[in-house]
There are 2 protein chains.
Amino acid sequence: MPPVSTVGPGRRPPREEVRRALLDAAAQVFARQGVDGASVGDVAAAAGFTKGAVYSNFGSKDDLVAALVEDKVSAYLELGLAAVSDTDASLGDKARALGDRLTRAADEQRDWQLLFLELWQRAVRSGATGGAFVDRRRELHAAVTDAVTAHLDRAGVAPPLPAAELATLLMALSNGLALERQIDPAGVPDDLFGRVLALVVGDPGAS
Amino acid sequence: MPPVSTVGPGRRPPREEVRRALLDAAAQVFARQGVDGASVGDVAAAAGFTKGAVYSNFGSKDDLVAALVEDKVSAYLELGLAAVSDTDASLGDKARALGDRLTRAADEQRDWQLLFLELWQRAVRSGATGGAFVDRRRELHAAVTDAVTAHLDRAGVAPPLPAAELATLLMALSNGLALERQIDPAGVPDDLFGRVLALVVGDPGAS
DNA sequence: TCTGCTCGATACCGCTCGGTATCCAATACC
DNA sequence: GGTATTGGATACCGAGCGGTATCGAGCAGA
């Protein structure tokens with residue numbers, strides 16, 4: 001049985017478009033079913049294609065995952081950087097705003113959190129050093145450190161911890177609370193993150 | 001070809017012993033290869049048995065995973081509770097000691113951390129409510145809340161956050177920092193956790 | 001219009017997996 | 001010591017996977 005023009009009236013979409021669709025579908029499907037739990041065919045189907053498209057655009061399933069890391073983790077880095085963009089408020093208010101923003105972002109992207117967690121696992125399992133995931137992670141940490149330094153300087157307060165450690169703390173707290181919130185949303189108030197951040201930088205605030 | 005007494009000189013180990021060996025092997029193999037990445041045969045072989053033993057002691061692979069959750073998460077709960085056992089030191093010193101202890105525990109059990117992360121993922125994916133993992137988690141949280149309350153009372157200081165939120169914070173920080181430490185050990189000093197805890201409870205300490 | 005190439009669709013292969021039916025040695029019981 | 005039962009070993013099945021070879025429709029260039 002010859003094919004009957006599977007998708008639409010025989011239009012051939014640009015290659016870059018196919019690649020993007022596959023990458024987006026991979027993010028969604030892998031997040032929901034797990035990387036091992038989802039087949040290459042599942043990803044392709046979710047994007048409206050077949051396995052052939054995947055193997056034409058990516059060499060293997062592992063390559064697809066690698067491309068996904070490159071793509072999504074870079075995007076995450078940008079999101080993280082945007083979240084620490086400055087305002088002219090007090091340090092405590094900025095801390096609270098940042099916490100709220102990150103908490104909201106985590107809520108809105110539960111799928112991505114799940115995928116993120118799995119990529120993290122894979123990075124750890126396959127020898128932490130050298131992976132793209134680890135590299136991007138380090139970039140993010142460096143950028144956060146810089147931003148923390150800048151805001152502390154501008155506020156003119158003595159940091160309770162070295163800036164690099166504050167950055168680590170910030171990221172760890174973000175991940176830890178997101179994890180906690182996924183499994184028990186009621187146990188983590190919306191503003192907890194912000195209040196803790198304000199507390200750490202020495203501005204308990206007036207509630 | 002009749003079997004030639006596969007394991008040793010035909011001794012038959014007690015059932016409970018086999019079950020334990022399989023459970024321990026499952027923890028190790030699943031942690032290293034992932035639950036999906038490891039086959040039932042892999043687990044059995046690691047324990048010195050074959051698939052038959054697994055299906056005799058557990059109904060299915062899922063049941064094996066469930067038993068593992070029950071077994072290991074309970075053990076984790078006990079470890080967590082032991083870690084908050086009291087001393088007569090100052091609140092700040094206690095916080096630092098707790099942080100160091102949890103950090104050390106995380107270092108010594110990287111395999112378990114990995115497995116823990118995967119079980120967490122599975123719990124979230126299969127509808128967070130009702131799973132044994134979530135239940136144990138809640139138990140732990142309640143116990144930590146109680147312990148926090150007790151220590152704050154004894155020290156006679158006003159808590160900077162409600163005890164329940166402090167417990168959430170403690171657990172989130174523990175997981176977040178462990179995560180961070182797995183992927184970049186150098187970026188998370190040994191005593192960071194302790195210092196942050198001391199800071200949060202209002203005792204920056206000397207040094 | 002013809003031609004050569006790109007790239008997704010299709011069919012297929014080898015392999016591994018979870019799960020089951022069967023078998024038989026070691027134990028427990030009387 | 002004879003007998004019933006327990007429980008791990010073995011062989012096997014169907015399903016689904018990642019990956020590949022091939023095909024042919026659509027596009028670009030002349």
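Letters go in sequence order (proteins before strands), and every chain restarts at 1. Not measured: the values here are computed from a predicted model.
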To the nearest Å, give me how far apart [atom1] ([X]) and [atom2] ([N]) are.
| X | N | atom1 | atom2 | value |
| --- | --- | --- | --- | --- |
| A:Phe58 | D:dG18 | CZ | P | 15 Å |
| A:Phe30 | D:dG18 | CZ | P | 8 Å |
| A:Gln33 | D:dG16 | CD | C1' | 13 Å |
| A:Arg19 | C:dC7 | CZ | P | 12 Å |
| A:Phe49 | C:dT10 | CZ | C1' | 16 Å |

If the condition is side-chain contact (heavy atoms from CB on, under 4.5 Å), which residues does [X] pass it with, not counting sequence neighbours?
| X | result |
| --- | --- |
| A:Glu16 | A:Arg19 |
| A:Asp62 | A:Ser60, A:Arg122 |
| B:Ala66 | none |

side-chain N/O A:Asn57 vs C:dG8 OP1/OP2, d < 4.0 Å
yes

With a 4.0 Å cutoff (strictly under), does any side-chain N or O of A:Thr50 reach OP1 or OP2 of C:dA9?
yes

Report the nucleotide, chosen from C:dC17, D:dG7, C:dG8, that has the shortest atom-to-atom distance to any side-chain atom of B:Asp42.
C:dC17

So NZ of B:Lys72 and CG of B:Leu79: to nearest 0.5 Å the spacing works out to 10.5 Å

Below 3.5 Å, can you tabulate the donor-acceptor pairs from side chains in residues 161-176 of chain A to any protein atom, sequence neighbours excluded?
from: A:Glu165; atom 1: OE1; to: B:Arg195; atom 2: NH1; distance (Å): 2.7
from: A:Glu165; atom 1: OE1; to: B:Arg195; atom 2: NH2; distance (Å): 3.3
from: A:Glu165; atom 1: OE2; to: B:Arg195; atom 2: NH2; distance (Å): 3.3
from: A:Thr168; atom 1: OG1; to: A:His141; atom 2: NE2; distance (Å): 2.7
from: A:Thr168; atom 1: OG1; to: A:Ala164; atom 2: O; distance (Å): 3.1
from: A:Thr168; atom 1: OG1; to: B:Gly187; atom 2: O; distance (Å): 3.4
from: A:Asn175; atom 1: ND2; to: A:Met171; atom 2: O; distance (Å): 3.3

Which atom pairs link the protein and nucleotides 18-20 of chain C when you take only N or O atoms and keep those under 3.5 Å?
from: C:dG18; atom 1: OP1; to: B:Lys61; atom 2: NZ; distance (Å): 2.6
from: C:dG18; atom 1: OP2; to: B:Val40; atom 2: N; distance (Å): 2.9
from: C:dG18; atom 1: N7; to: B:Lys51; atom 2: NZ; distance (Å): 3.3
from: C:dG19; atom 1: OP2; to: B:Tyr55; atom 2: OH; distance (Å): 3.0
from: C:dG19; atom 1: OP2; to: B:Lys61; atom 2: N; distance (Å): 3.0
from: C:dG19; atom 1: N7; to: B:Lys51; atom 2: NZ; distance (Å): 3.0
from: C:dG19; atom 1: O6; to: B:Lys51; atom 2: NZ; distance (Å): 2.1

Within residues 97-116 of chain A or reaching into it, pairs that qualify as ring pair (Phe, Tyr, Trp, His ring centres under 6.0 Å) - sequence neighbours excluded
A:Tyr76-A:Trp112, A:Tyr76-A:Phe116, A:Trp112-A:Phe116, A:Phe116-A:Trp120, A:Phe116-A:Phe133

Under 4.0 Å between any heavy atoms, over every strand shown, what does B:Val18 touch: base, sugar-phosphate, or nothing? Just pick one.
sugar-phosphate

